[in-house]
Amino acid sequence: MEYNFREIEQKWQQQWKDSNAYKVSNESPKPKYYVLDMFPYPSGAGLHVGHPLGYIASDIYSRYKRLKGFNVLHPMGFDSFGLPAEQYALETGQHPAVTTEKNIETFKAQLDKIGFCYDWSREVRTSDASYYKWTQKIFLDLFNSYFCNTQQKARPIADLIEKYKTQGNKNFTAVQWNAYSKAEQEEILMKRRLAFSSFGEVNWCEALGTVLANDEVVNGVSERGGHPVVKKKMRQWYLRITAYADRLLQGLETVQFSEPMKEMQRNWIGRSEGAEMQFGVGSGQLAVGKEQLAINVYTTRPDTIFGVDFLVVAPEHPIVNSLVTAEQKTAIEEYLTYVKSRSDRERMSEVKQITGCFTGAYATNPFNGKPIPVWIAEYVLAGYGTGAIMAVPCGDQRDFAFAKHFSIPITNIIGEYYNGEEANPTKEATLQNSDFLNGMLMKDAIAVAINKIEELGIGKRKVNYRMRDAGFSRQRYWGEPFPIVWQDETAIALAETDLPLELPYAEKYGPGPEGEGPLANMTDWVQAPLSTSGEGQGVRETSTMPGYAGSSWYFLRYMDPTNTETFCDRKASDYWNQVDVYVGGTEHAVGHLLYSRMWTKVLYDLGYIGFEEPFKKLVNQGMITGRSYFFEIELSDNVKPNEASQKIVSYKKENGATNFLRFRYGHQFVDANNRITRDLLNKAIEKYDLVIAIDTIEWLNEGNEEFLVLKEESEKMSKSKFNVDNPDEVVEKYGADTFRMYEMFLGPVEQSKPWDTKGIEGVHRFLKKLWRLFFTDINPATNAGGEPKWVDSKPTDAEYKILHKTIKKIEQDTENFSYNTAVAAFMISVNELADAKCYKKEILSAVLILLTPYAPHIAEELWHALGNEGSVLDAIYPTLEEKYLVEATKEYPVSINGKMRSAINLPTEATEEEAKQAVLSNEVILKWLEGKEMKKFIFVKGRMINVVI
RNA sequence: GCCCCGGUGGUGAAAUUGGUAGACACGCAGGACUUAAAAUCCUGUUUACAGCAAUGUAAGUAACGGUUCAACUCCGUUCCGGGGCACCA
């Protein structure tokens, strides 16, 4: 027998499939363990070598936990709603359902070839009606719930209605509420629902007649076609994620995410503590009738109140109209026109540009009565805080720049901390010119100032969040339809019995009228009865849910994937509980991870599940980048790529002036020295039918060969960059086991690294070497050999030592996701066993169990070859016996003043005194000591000995 | 600009968390087997100097400085690379 990986892998994959080896039950006496991968979007390009990195890591962990005696849930599914399929449909007319189905089949086939232990009977697809029925149902739960501020949790909206009916609230009495029309009541309720509808801005592209997602807009124009994009107000759905800001923040303390990951989420939530306070407008320089006006500002630094030199209000702020004086009216109008003309993009990219306009109005500093000019400026955002700030130029960079630009006098309240040339945002300065705060450290003065503000009744303590409510509508076809029917301006939820509201079959995918989605074109579908019984008429919501809708709860569906009564039975979710380990990329740090955390909290509040954080531990796998090789030539008249060549050519602009053409090469064109010969280039030109003038290229010479040295860059793998490697090819050439171990051997899982097959031979060699522990070599000439080598005799202590050292290392490394060093440990062990000519069945069997998570196919094959019972997948993980790890004597390195000088052999349980004696009788050391006095003797048991002279 | 993370041979990397830096692997060089190739095995491989050699000496983890008997590891400053946020008051 020889190591025929193709045959072996195919055989066992079939065998595992036939025997349902990976089927997981919800009932088991074993403890549960839930290992989850971020499910993929099934793109048409199929799997590339970067995808499986995380999947292999989680597969190893699942198999390891299974061997350790856990009932392991390790499912896989597909996030199959999404834009690319729709884009493809627009271009080719192929229905997304068709292409999605096809892509999923490709993905599954590719995944199976790598030998993952998924329980495919639990597969979920977000685009299946049987799945999105429950996405719609949870949406209705969100719609029918509100966030109770007293209890800090979601509650049924019915509770709120009941309260309004009987008690009213601070804005209206119960009597008033009951007198409101249905529409009026709904309008009020909409302001509290967790899924709510409101007018919001979208990216509207007139030329394409459609709404674009943020990443479809590049530099203020549409990614496709380059048409201008403007903001347009439209009715949109939102999730009130801001209500959960605080709980999302606190929940981070209870989960094991990496610190940077937590930090990203904290930044996104952007909690800040401060105070909201009012500045009365009008100090004698005002027109009559404006005295009662007040500007509400938000500040985190109330301690700087005496350094306020002006107020700034966002241009969009509704108060602006009432503020502006007659003299400033024209100027302000001009400024507002200018602001409106600026795209978001311009506003963001030209941050350093200072613009603003004086309103003519003055506010009064409530503490010292000082008149303060009120300006409007685009650097103040309408959407954050109160949309108005108090400007303290000596302490804030932006305020400082603004004051300088418009020559507003600056008050210094921090003495020498302020140098007049730039603002100093310190909190450590002692306050001056600050009345009752004088002499206080700023950080202490914050609380004092807030107390005073509250005491005077001009403001209050306030916590603000940077996070906004999440937009939940997409004007697209390929997504979950909203189970909502509009009757005039009132949204009416479908009954649960009407779910799923199936996505109607589309012939065309173009945008609907007025920026609506494609569904708006299906007039028959849009006209809807309000219920199955056919009562009342309404108009269906025509936008669909965003990509993150289905992915916000899919981890729950895996627990109970076929349930038709509920999205996940409480018994199932109580059993599987949190995802113990969640493996995925960092790119979802603030999107998917925040949304799914919020959904989980809502479902917890409503009593559907018993835990409020979905993921106990998160492991972020790095990205495997592709290597792009390229050369660039300056664009000239001789160089004109034809249409076909554009596929491997991209334009690179430098300094906006010179254009370069960048020719990319897949590594198939490149030799080991990153060179491309004239011959190879000609082949590429032929293959891609390039029309370029290669005469303009300057060739290098070596011998009689002409070549170019290509530049090399690592970038994200993408079809358009010609740097994609397909795992199928690697698996075909070396086998799945080699591929799995090699991807792990490449480096730490968390690290991003370029794909490189240079070292794969080494891993493949290791597996062949392992094979030769079991069978004798085959002589290719005579075909003799391949005989079993193993013997069934009792291993020696030395052999046990090798085994138990391996158990310890592999167990440790696997627990810590340190797979690269685990693979190295396997290599060492196999070398040691080969050197020791250890072919004992007991040892070999144990090694195979350890190896199973990493290389399941070869492990299973050899396991059976040895004549072991059952599948190695369910073998009992070998127990570590410390006694084999203890050594009687050990070589202790001896150093003098930290420099290594010699080594001595000592019993491992030697005392310090014994060690000292041994050192002092060592000739080499004595020579180094040269009779000098020994000041200190350091004996680190099990490590080393240091002598200080 | 702010916040993270990182920088170790020709290459991917390891280092029991302060204790013999470079495990393991690739590549390279030399050798064995072979008519030859493939496969396999063995030896060497941080740098400099000395030696026929075994070996020895010195330097060495981006740079400089500090703490320590001992620093890749801790502290400070600087440089470089990667990621995130970006007028959030």
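First the proteins, then the strands, lettered A, B, ... as listed; each starts at 1.
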Is [X] close enough to [N] that one of its side-chain N or O atoms is under 4.0 Å from OP1 or OP2 there?
X        : N     : value
A/Arg772 : B/C41 : yes
A/Ser272 : B/A89 : yes
A/Lys768 : B/U40 : yes
A/Tyr384 : B/A89 : yes
A/Gln397 : B/C2  : no

What integer distance in Å separates [X]:[atom1] from [N]:[atom2]?
X        : N     : atom1 : atom2 : value
A/Arg901 : B/G56 : CZ    : C1'   : 12 Å
A/Asp756 : B/U11 : CG    : C1'   : 8 Å
A/Glu750 : B/G83 : CD    : C1'   : 15 Å
A/Ile446 : B/A89 : CD1   : C1'   : 13 Å
A/Met467 : B/A86 : CE    : P     : 14 Å
A/Met264 : B/C2  : CE    : P     : 19 Å
A/Tyr742 : B/A13 : OH    : P     : 10 Å
A/Asn905 : B/U20 : CG    : C1'   : 15 Å

With respect to the side chain of A/Arg943, which nucleotide from B/C3, B/U16, B/C87 is positioned closest?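 Shortest atom-to-atom distance from the side chain points to B/U16.
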B/C69, B/C5, B/C3: which one has an atom nearest the side-chain heavy atoms of A/Pro260?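 So the nucleotide nearest the side chain must be B/C5.
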Quote, to the nearest angstrom, the [atom1] distance that separates [N] from [M].
N     : M     : atom1 : value
B/U16 : B/C74 : P     : 12 Å
B/C26 : B/G44 : C1'   : 16 Å
B/A89 : B/G12 : P     : 41 Å
B/U57 : B/G66 : C1'   : 28 Å
B/U46 : B/U11 : P     : 13 Å
B/G84 : B/C69 : P     : 44 Å
B/U40 : B/U55 : P     : 29 Å
B/U8  : B/A15 : C1'   : 11 Å

With side-chain hydrogen bond (donor to acceptor under 3.5 Å, both in side chains) as the rule and sequence neighbours excluded, what pairs involving residues 823-836 of chain A come up?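 For residues 823-836 of chain A: A/Lys769-A/Asn831, A/Lys805-A/Glu832, A/Thr806-A/Ser829.
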Is it true that a side-chain atom of A/His317 and a backbone atom of A/Thr386 form a donor plus acceptor pair closer than 3.5 Å? yes
Under-4.0 Å salt bridge between A/Glu811 and A/Lys809: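 No, A/Glu811 and A/Lys809 are not salt-bridged.
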Given Watson-Crick and G-U pairs under 3.5 Å, RNA chain B in dot-bracket ([ ] crossing, | other strand) is (((((((..(((......[....)))((((((.......))))))(((((....)))))..(((((..]....))))))))))))....
Parallel, tilted or perpendicular: which fits the ring planes of [X] and [Y], with parallel below 30° and perpendicular above 60°?
X        : Y        : answer
A/Phe817 : A/Tyr819 : perpendicular
A/His592 : A/His588 : perpendicular
A/Tyr854 : A/Phe826 : perpendicular

Verdict with supporting geometry, A/Ser272 and A/Tyr465, side-chain hydrogen bond (donor to acceptor under 3.5 Å, both in side chains): CA-CA 6 Å; A/Ser272 75; A/Tyr465 298 94; over 6 Å; no
Using a 4.0 Å heavy-atom cut-off across all strands, classify A/Asp396 as base, sugar-phosphate, or nothing. nothing
Base, sugar-phosphate or nothing for A/Arg266? Non-hydrogen atoms, less than 4.0 Å. nothing
Start at the 5' end of RNA chain B and walk down; is the nucleotide closest to A/Asn946 or to A/Asp777 reached first?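 Residue closer to the 5' terminus by nearest nucleotide: A/Asp777.
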For A/Lys916, does the NZ atom have more than 12 heavy-atom neighbours from other residues, nucleotides or ligands under 6.0 Å away?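 It does not: A/Lys916 NZ has 12 such atoms or fewer within range.
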Would you say A/Lys427 has more than 12 foreign heavy atoms packed within less than 6.0 Å of its NZ?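 Open: at most 12 neighbouring heavy atoms sit under 6.0 Å from NZ of A/Lys427.
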Quick one: classify the glycosidic conformation of B/G9 as syn or anti, with syn meaning within 90° of 0.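 Syn conformation for B/G9.
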Does B/U20 fall in syn (glycosidic angle within 90° of 0) or anti? anti
Is the centre of the A/Tyr742 ring less than 6.0 Å from the centre of the A/His764 ring? no
Taking the ring centre of each residue, are A/Phe306 and A/Phe367 less than 6.0 Å apart?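 Yes - the distance between ring centres of A/Phe306 and A/Phe367 falls below the 6.0 Å cut-off.
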Could you check which residues of residues 422-429 of chain A get a heavy atom under 4.0 Å from RNA chain B? Sort them by number, please. none
Sequence neighbours excluded, which residues qualify as side-chain hydrogen bond (donor to acceptor under 3.5 Å, both in side chains) partners of A/Glu422?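 A/Glu422 satisfies side-chain hydrogen bond (donor to acceptor under 3.5 Å, both in side chains) with no residue once adjacent residues are dropped.
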Which pairs would a plain distance check flag for residues 942-949 of chain A, meaning a side-chain donor or acceptor within less than 3.5 Å of a matching protein atom at least two apart in sequence or in another chain?
residue	atom	partner	partner atom	Å
A/Asn946	OD1	A/Ser895	OG	2.4
A/Asn946	OD1	A/Gly898	N	3.0

Summarise how protein sits on nucleotides 22-37 of chain B as a single string, 5' to 3': B when a protein heavy atom is under 4.0 Å from the base, S for sugar-phosphate-only contact, - for no contact. -BBSS-----------
Residue pair A/Glu912 / A/Phe939: nearest heavy atoms and the distance that separates them: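 In terms of heavy atoms, the two residues are closest at CA-CD2, 3.6 Å.
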